[in-house]
Amino acid sequence: MGGFHFGDVLFQLLSLAFIILIIVLTVSLFRSNKKRTNQLNRIEKKIDDENHRIKNGNE
């Protein structure tokens with residue numbers, strides 16, 4: 001029973017790959033959320049600047 005089993009090795013590799021996939025997906029989710037937030041903040045600032053220009057009559 002103490003031999004080398006290909007099925008056990010394959011299961012271990014797939015389990016490790018699954019854990020790595022979960023970590024990579026979590027990190028990419030947080031990074032994309034941060035990029036989206038920064039982009040929305042830039043757009044909001046541009047809209048506020050335009051509204052301020054229009055309100056002051058500096059078109």
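Rounded to the nearest 0.5 Å, atoms CG (L21) and OG1 (T26) are 9.0 Å apart. The OG1 atom of T37 sits 10.0 Å away from atom CD of Q39, with the distance rounded to the nearest 0.5 Å. Atom OG of S15 sits about 9.0 Å away from atom CG of L10, to the nearest 0.5 Å. One finds the CG atom of L14 at 11.5 Å from the CD1 atom of I19 (value rounded to the nearest 0.5 Å).
Ion pair K45/D49 flagged as a salt bridge, since at least one NZ, NE, NH1 or NH2 atom sits closer than 4.0 Å to an Asp/Glu carboxylate oxygen.
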Going through the distances and angles, do I47 and E50 end up as a side chain to side chain contact (heavy atoms under 4.5 Å, CB included)? CA-CA 5 Å; I47 290 172; E50 284 298 316; 5.8 Å; no
V9 vs L13, test: side chain to side chain contact (heavy atoms under 4.5 Å, CB included). Steps then yes/no. CA-CA 6 Å; V9 173; L13 289 175; 4.1 Å; yes
Candidate pair D48 and H52, rule side chain to side chain contact (heavy atoms under 4.5 Å, CB included), full reasoning: CA-CA 6 Å; D48 288 343; H52 184 67; over 6 Å; no
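A single hydrophobic cluster is seen to contain both V24 and L16, as judged by linkage of ILVMFWY side chains at heavy-atom distances under 4.5 Å, directly or through other members.
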